[in-house]
Number of protein chains: 2
Amino acid sequence: MKMSGGVEWALHCAFALTAADHPVSAARLAEMHDVSASYLAKQLQAMSRAGLVRSTQGNLGGYELTRPPSRITVLDVVEAVDGPTPAFLCTDVRARGPLAASPEACRTPCAIHRAMTAADEAWRASLRSVTIADLAAQVTGEHGRGVLDGVRNWFNAAP
Amino acid sequence: MKMSGGVEWALHCAFALTAADHPVSAARLAEMHDVSASYLAKQLQAMSRAGLVRSTQGNLGGYELTRPPSRITVLDVVEAVDGPTPAFLCTDVRARGPLAASPEACRTPCAIHRAMTAADEAWRASLRSVTIADLAAQVTGEHGRGVLDGVRNWFNAAP
DNA sequence: AGAGTTCCGGACAAGAGTTGTCCGAGTTGC
DNA sequence: GCAACTCGGACAACTCTTGTCCGGAACTCT
Ligand code: SF4
Ligand code: SF4
């Protein structure tokens, strides 16, 4: 039961991109968070593949959000980076062994499977109910607007 | 985001032990489910360490539930086998890099952390709301009482 | 058009975590 | 007392994640 550690980086990047009016390069984001640039690039590529960020190449290129942050949920980022595969995957144990259930009884998912998928769905629903904009609002409400402004200024500063 | 595959085996074992009036050895449970006996033993040991099952050694020894199945939740089994560590673990990113937040601002968990822990708690609550007895009731309600009786008879049969 | 950035995608090694197996310690029944 | 059976934890093999790297394509500025 372990989630990819890159999810946190991706969330922090999504939050930081909220305060950007420029495309921001991956190297800049990595420098800001003091993490491996090569590995962060991989996470950003995953987000790009999921359609969360748009990437522009070239001299002033970089990443920027494709939608307003109020339309990007935390679940979007988690699924983009960590994969949409549910945590619990069945091996169809009940169909094996000397007491194997009849194949017809295995048409519907069993009680264990249902309980696990229900829990997984609850987890996803909780993650889907909070957006990147909500995160930014919480941060500014607690630590003031200076945080976002500081990020924006740092993005606009020369490399 | 992957859960240990042994969780499924452990849940199946807990369900099967519901229908046992004897202690059942790990080898028997493994034969019943057609899985690796040595590895299943490890899961049962974890459950024993968590206090879910009691193990008696010796000739007629084996595992049996310590409480009535209505007092054992699915979350108990999952945490016993997969570990109680939450899926999301922080690296304290906001305290690093050139824009590191002040140490005093890091006293309280940030918005991202709160969202993740809330989702994790929702997942756990969903798993905690269903007990092993509920699983057994669902199975008998769908496939009849013969399933439990078949398991019990197979347990009582000679090796 | 040319040079200089920058992203993209995949290939590649290192590390951690999981999966699976084994044998010794201890207990029970005869 | 003895023998057989059990659990328990220690031990490798394996898979997946983490992290790195490079060549190619695209874009901007001169
Ligand atoms: S559907 Fe139920 S019985 Fe079949 S593998 Fe999944 S948990 Fe086991
Ligand atoms: S508490 Fe927030 S800022 Fe700190 S490491 Fe966790 S997610 Fe990142």
Side-chain angles (χ1 to χ4, degrees), chain A residues 1-10 13 17 20 22-31 33-64 66 78 80-83 85 87-89 91 93 155 158-159, chain B residues 1-10 13 17 20 22-31 33-64 66 78 80-83 85 87-89 91 93 155 158-159:
Chain A
M1 201 56 204
K2 170 132 181 308
M3 174 183 313
S4 168
V7 171
E8 183 185 350
W9 301 0
C13 286
L17 286 177
H22 278 283
V24 184
S25 81
R28 185 62 72 90
L29 285 167
E31 181 191 358
H33 295 104
D34 188 23
V35 296
S36 157
S38 318
Y39 193 36
L40 182 62
K42 190 185 283 271
Q43 321 296 344
L44 290 169
Q45 285 170 23
M47 290 173 74
S48 170
R49 233 170 294 158
L52 298 179
V53 296
R54 170 189 312 279
S55 73
T56 60
Q57 296 185 337
N59 199 354
L60 292 186
Y63 292 95
E64 58 188 343
T66 57
V78 171
V81 174
D82 204 54
T85 317
F88 180 81
L89 28 77
T91 333
V93 167
F155 280 158
Chain B
M1 200 57 203
K2 171 134 180 304
M3 174 183 314
S4 168
V7 171
E8 183 185 351
W9 300 1
C13 285
L17 286 176
H22 278 282
V24 184
S25 81
R28 184 61 69 90
L29 285 166
E31 181 191 0
H33 295 102
D34 188 24
V35 296
S36 159
S38 319
Y39 192 37
L40 181 63
K42 187 187 285 274
Q43 323 296 345
L44 291 168
Q45 286 168 25
M47 290 174 74
S48 170
R49 234 170 295 158
L52 298 178
V53 297
R54 170 190 313 278
S55 73
T56 61
Q57 293 186 337
N59 201 353
L60 292 184
Y63 291 96
E64 59 188 344
T66 57
V78 171
V81 174
D82 203 55
T85 317
F88 179 81
L89 29 76
T91 333
V93 167
F155 280 158

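In what follows, every chain begins at residue 1, and chains take the letters A, B, ... in the order their sequences are listed.
- Straight-line distance from the NE2 atom of B:His22 to the P atom of D:dT6: 14 Å, rounded to whole Å.
- Using a 4.0 Å cut-off, some side-chain N or O of B:Ser48 falls inside it from OP1 or OP2 of D:dG8.
- In terms of modelled atom types and a separation under 3.5 Å, the side chain of A:Glu64 and the main chain of A:Leu17 share no donor-acceptor contact.
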Passes side chain to side chain contact (heavy atoms under 4.5 Å, CB included), B:Val24 versus B:Tyr63? Steps please.
-> CA-CA 5 Å; B:Val24 184; B:Tyr63 291 96; 5.9 Å; no
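- Shown here are the side chain to side chain contact (heavy atoms under 4.5 Å, CB included) partners of A:Gln57, two or more places apart in sequence or in another chain: there are none.
- Mapping A:Ala27 and B:Ala37 onto DNA chain C via the closest heavy atom, the residue that lands nearer the 5' end is A:Ala27.
- A:Glu8 places its CD atom 15 Å from the C1' atom of D:dT18, with the value rounded to the nearest Å.
- Going from atom CG of A:Leu89 over to atom P of D:dT15 covers 16 Å, rounded to whole Å.
- A pairwise comparison of heavy atoms in A:Leu44 and A:Ala26 identifies CD1-CB, 3.7 Å as the closest pair.
- Residues satisfying the side chain to side chain contact (heavy atoms under 4.5 Å, CB included) test with B:Ala87, not counting sequence neighbours, are A:Met1, A:Met3, B:Met1, B:Asp120.
- As a whole-Å value, the separation of A:Arg28 CZ from C:dC7 P is 11 Å.
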Heavy-atom contacts, protein to nucleotides 24-30 of chain C, under 4.0 Å, summarised as B (base), S (sugar-phosphate only) or - (none) per nt, yield --BBSS-
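- One atom, CG of B:Leu40, and another, P of D:dT6, lie 14 Å apart when rounded to the nearest Å.
- Every residue was checked against the side chain to side chain donor-acceptor pair (under 3.5 Å) condition with A:Thr66, not counting sequence neighbours, and none meets it.
- Taking every heavy atom of both residues into account, A:Val7 and A:Asp82 meet most closely at CG2-CB, 4.0 Å.
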Can you check each nucleotide of nucleotides 14-20 of chain C against protein heavy atoms at under 4.0 Å and return B for base, S for sugar-phosphate only, - for none, in 5' to 3' order?
-> -----BB
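- If you check every strand for non-hydrogen atoms under 4.0 Å, B:Arg49 touches sugar and phosphate atoms only.
- Qualifying side chain to side chain contact (heavy atoms under 4.5 Å, CB included) partners for B:Ala27, counting only residues two or more places apart in sequence or in other chains: B:Ser25.
- Rounded to whole angstrom, the span from the CD atom of B:Gln45 across to the P atom of D:dT6 amounts to 14 Å.
- Partners of A:Ser38 by side chain to side chain contact (heavy atoms under 4.5 Å, CB included), not counting sequence neighbours, listed by chain and number: A:Ser36.
- Remark: P of C:dC7 and CE of A:Met47 are 14 Å apart, rounded to the nearest angstrom.
- At a threshold of 4.0 angstrom between heavy atoms, the contacts of B:Ala26 are confined to the sugar-phosphate backbone, with no base atom among them.
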